[in-house]
Amino acid sequence: MAFSWAEQIEELHERRTAALELGGPERIARRRQQGRGTIRERVAMLTSRFQEVGILARYPEIDSAGGHQESLPSSYVAGLGEVDGRAVAVGGEDFTVGAGAPQMYLDRAKGGMGGFVEDLAHEYRIPLMLFCEGIGGDVGGIDLAGHSYLVSSHSWGRSIELLSEVPVIVGILGAAAGGTAGRAVLSHFSVASKGSVLFAGGPPLVRRALGRDITKEELGDAEMHTRESGAIDNIAEDEADAVRQMRTFLSYLPQNVWEMPPRIPCDDPVDRRDDELLEVVPENRRRPYKMRRILELVADRDSVFEVGPGWGRALITCLARVDGIPVGMIANNPMHLAGALDGPAAEKQVRFIDMCSTFHLPLVYFVDVPGFMVGPDAERGNVVRKGMRAIQALHESRVPLISVHVRKAYGMAGQATASIDKLGMRVAWPSAEWGDMPIEGGVEAAFRREIDAAEDPEAFRLEAEQRLLDASNPWKTAEAFGIEDIIDPRETRQVVASFLNPAFASMASRLGPRNHWRMRP
């Protein structure tokens with residue numbers, strides 16, 4: 001009689017089936033009531049052809065007395081999949097199993113399956129896409145291991161290394177605390193569904209450390225993080241929207257830093273001229289306008305994807321395409337603080353430029369900045385140091401830069417929009433103006449005594465302002481070749497594309513990671 005492995009195969013199927021039960025029907029049912037999915041359902045939404053790794057891993061439950069209960073599947077699910085035909089490494093916690101606490105005692109010294117999926121992304125040079133929902137740590141793990149862990153910075157080594165190698169994209173779909181929160185922000189893009197939370201330590205720790213009773217939402221609501229702290233880039237209506245945004249972000253980026261970003265066919269004419277561009281900027285220099293509309297009109301139709309719209313609102317950062325070429329678009333926002341560069345906007349610029357420079361995305365900067373934000377609040381927010389870091393980030397970037405001067409470019413903040421130390425194209429609209437500082441404030445500072453001594457101080461001030469405005473018109477700068485060109489606003493798309501095409505092609509010889517430098521989270 002021929003030998004058969006039927007018994008072992010049956011046990012294999014039983015063990016796989018048990019793993020799919022995760023924390024059990026009751027815990028999964030509670031998730032359903034909260035409108036949340038399991039980790040495998042999220043992976044299925046994101047990927048096709050998913051090949052799971054480690055499905056048989058299990059761990060014993062421990063009660064408060066240290067006794068072992070029956071075992072549960074690992075809280076972490078990981079493997080390889082495809083997103084829009086691209087190979088990716090995927091991983092994430094399931095909250096129904098130990099509240100998503102990482103099972104560090106599972107084999108592999110670098111962090112169990114979480115470390116394994118990072119190794120996959122590193123070794124295969126493919127994007128890493130993570131779902132983060134877990135408590136980050138669990139003192140119950142001491143019972144399992146028999147000792148506590150001394151966590152060193154080395155445990156984050158691979159996570160940090162990946163920032164300079166492959167796209168790291170994170171969806172926060174629930175509660176991300178402690179180490180899970182830390183892993184979430186070590187990414188190039190993060191999106192959280194409404195109702196999610198992120199914090200270094202949860203309410204029990206806050207209560208013990210500070211004596212304050214506080215809810216999870218009061219402590220680290222995702223909407224707060226996307227509006228104020230910037231710890232999370234984008235907010236999503238629900239889990240399906242979060243997955244859509246993760247896929248969209250990936251579509252602009254290459255598989256890794258050794259490859260070019262994916263250029264796609266474009267049926268939007270490069271020489272498209274929109275008369276609306278003549279109407280966006282108001283004649284009154286003090287009136288705001290919708291800068292986002294300019295980006296939409298210049299980019300390929302329906303290609304603009306904004307990153308971080310809720311925080312650092314004086315600056316707009318978007319991924320987009322021009323003639324099918326993926327680009328990073330940056331723009332000052334005159335609808336917030338008149339576009340002045342404050343601390344949060346400067347931090348936002350640094351991070352976005354770092355990301356674009358990492359993945360070889362050319363930059364197109366639409367300029368309307370009256371200077372660094374001034375005032376006591378700005379100074380307490382360290383605007384000068386943060387603003388200079390924004391200048392440094394642009395100076396250190398190694399991607400082509402095209403600056404389109406729409407209106408104002410004054411002071412040090414104007415220098416955060418272009419670098420004269422390397423070849424970058426600067427063009428201006430006829431509405432542009434620039435100088436060491438805005439004329440209005442400059443006149444007040446330079447001619448304070450004369451204004452106070454004049455018979456009609458207001459008339460004297462207005463006359464001085466007009467005289468300096470006449471002397472600083474952009475035509476004189478163009479005559480001195482202080483700017484490469486002044487263009488009809490309707491020509492912007494064609495002009496940008498004409499420089500982008502050869503610049504993008506030239507980048508193919510400069511691929512790979514940058515030595516001694518990586519993106520700052």
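- Under 4.0 Å is where a charged nitrogen must lie from a carboxylate oxygen, and between Arg301 and Glu296 no such pair does.
- Two residues are said to be in side-chain contact when any heavy atoms from C-beta on lie closer than 4.5 Å; Val327 and Leu500 meet this criterion.
- In summary, the side chains of Ser196 and Ser193 do present a donor paired with an acceptor at a separation below 3.5 Å, with no hydrogens or angles considered.
- Using modelled atom types and a 3.5 Å distance limit, the side chains of Gln349 and Tyr365 yield a donor-acceptor pair.
- Side chains of Asn382 and Arg389: no donor on one and acceptor on the other come within 3.5 Å.
- Residues Asp233 and Arg351 meet the side-chain proximity criterion, which asks for heavy atoms closer than 4.5 Å.
- A donor-acceptor pair shorter than 3.5 Å can be found between the side chains of Ser506 and Arg510.
- One distance of note links OG1 of Thr226 with CH2 of Trp311; it measures 11.0 Å at 0.5 Å rounding.
- Between Val191 and Ile172 the shortest side-chain heavy-atom distance does not fall below 4.5 Å.
- Residues Asp241 and Ile235 fail the side-chain proximity criterion, which asks for heavy atoms closer than 4.5 Å.
- Screening Ile325, Val322, Val496 for a side chain to side chain contact (heavy atoms under 4.5 Å, CB included) involving Asn501 leaves a single residue, Ile325.
- Judged purely by atom type and a 3.5 angstrom limit, His225 uses its side chain to pair as donor or acceptor with the backbone of Leu198.
- Ser159 and Glu118 form a side-chain donor-acceptor contact under 3.5 Å, judged by distance and modelled atom types alone.
- Between the side chain of Arg247 and the backbone N or O of Ala242, no donor-acceptor pair lies under 3.5 Å.
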Should Arg272 and Asp274 be marked as a salt bridge (charged side-chain N to carboxylate O under 4.0 Å, His left out) after you check the CA-CA gap, both sets of side-chain angles, and the distance that decides it?
CA-CA 7 Å; Arg272 169 169 52 82; Asp274 286 285; 2.4 Å; yes

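- The shortest distance between side-chain heavy atoms of Met329 and Thr317 does not fall below 4.5 Å.
- Considering CG of Asn234 and CZ of Phe189, their distance stands at 4.0 Å, rounded to 0.5 Å.
- If you check the side chains of Asn256 and Tyr124, you find no donor sitting under 3.5 Å from an acceptor.
- Taking 4.0 Å as the cut-off between side-chain N and carboxylate O, Lys194 and Asp238 do not count as a salt-bridged pair.
- For the pair Pro261 and Tyr252, the minimum side-chain heavy-atom distance is 4.5 Å or more.
- Partner of Leu120 under the side chain to side chain contact (heavy atoms under 4.5 Å, CB included) criterion, out of Leu80, Leu128, Val90: Leu80 alone.
- Other residues, nucleotides and ligands contribute only 12 or fewer heavy atoms inside 6.0 Å of the NE2 atom of His395.
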Pair Arg493, Asp268 - check salt bridge (charged side-chain N to carboxylate O under 4.0 Å, His left out), show working.
CA-CA 11 Å; Arg493 175 173 166 80; Asp268 188 359; 3.7 Å; yes

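- Counting only heavy atoms from C-beta outward, the side chains of Leu511 and Val257 never approach each other to under 4.5 Å.
- To the nearest 0.5 Å, atom CG of residue Asp300 and atom CD1 of residue Ile264 are 7.0 Å apart.
- Between Phe366 and Leu295, some side-chain heavy-atom pair lies under the 4.5 Å cut-off.
- Arg86 and Gln255 share a donor-acceptor pair across their side chains, judged by distance under 3.5 Å alone.
- Between Phe249 and Phe305, the two ring planes are perpendicular [angle over 60°; tilted spans 30° to 60°].
- Note that CG of Asp221 and CD1 of Ile232 are 8.5 Å apart. Values are rounded to the nearest 0.5 Å.
- Rounding to the nearest 0.5 Å gives a distance of 11.5 Å between CG of Asn332 and CG of Leu337.
- Taking the charged nitrogens against the carboxylate oxygens, Lys408 and Asp368 have no contact shorter than 4.0 Å, which rules out a salt bridge.
- Looking only at atom types and distance, the side chain of Gln494 has no donor-acceptor partner in the side chain of Asp271 under 3.5 Å away.
- Salt-bridge formation is detected for the pair Arg158/Asp119: a Lys NZ or Arg NE/NH1/NH2 atom is positioned less than 4.0 Å from an Asp or Glu carboxylate oxygen.
- Between Glu239 atom CD and Arg42 atom CZ the span is 4.0 Å, to the nearest 0.5 Å.
- Checked against the 6.0 Å centroid threshold, His405 and Trp434 count as a close aromatic pair.
- Taking the charged nitrogens against the carboxylate oxygens, Arg273 and Asp488 do have a contact shorter than 4.0 Å, which makes a salt bridge.
- Note on Glu259 versus Arg125: no salt bridge recorded, every NZ/NE/NH1/NH2 to OD/OE distance being 4.0 Å or above.
- Other residues, nucleotides and ligands contribute over 12 non-hydrogen atoms within 6.0 Å of the CG atom of Asn284.
- Remark: side-chain polar atoms of Ser397 are not paired, donor with acceptor, to backbone N or O of Ile353 under 3.5 angstrom.
- Using a cutoff of 4.0 Å between basic side-chain nitrogens and carboxylate oxygens, Arg292 and Glu306 are scored as salt-bridged.
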Before giving the answer on salt bridge (charged side-chain N to carboxylate O under 4.0 Å, His left out), spell out for Arg385 and Glu379 the whole-Å C-alpha distance, their side-chain angles and the decisive distance to 0.1 Å.
CA-CA 10 Å; Arg385 183 181 298 278; Glu379 299 303 339; over 6 Å; no

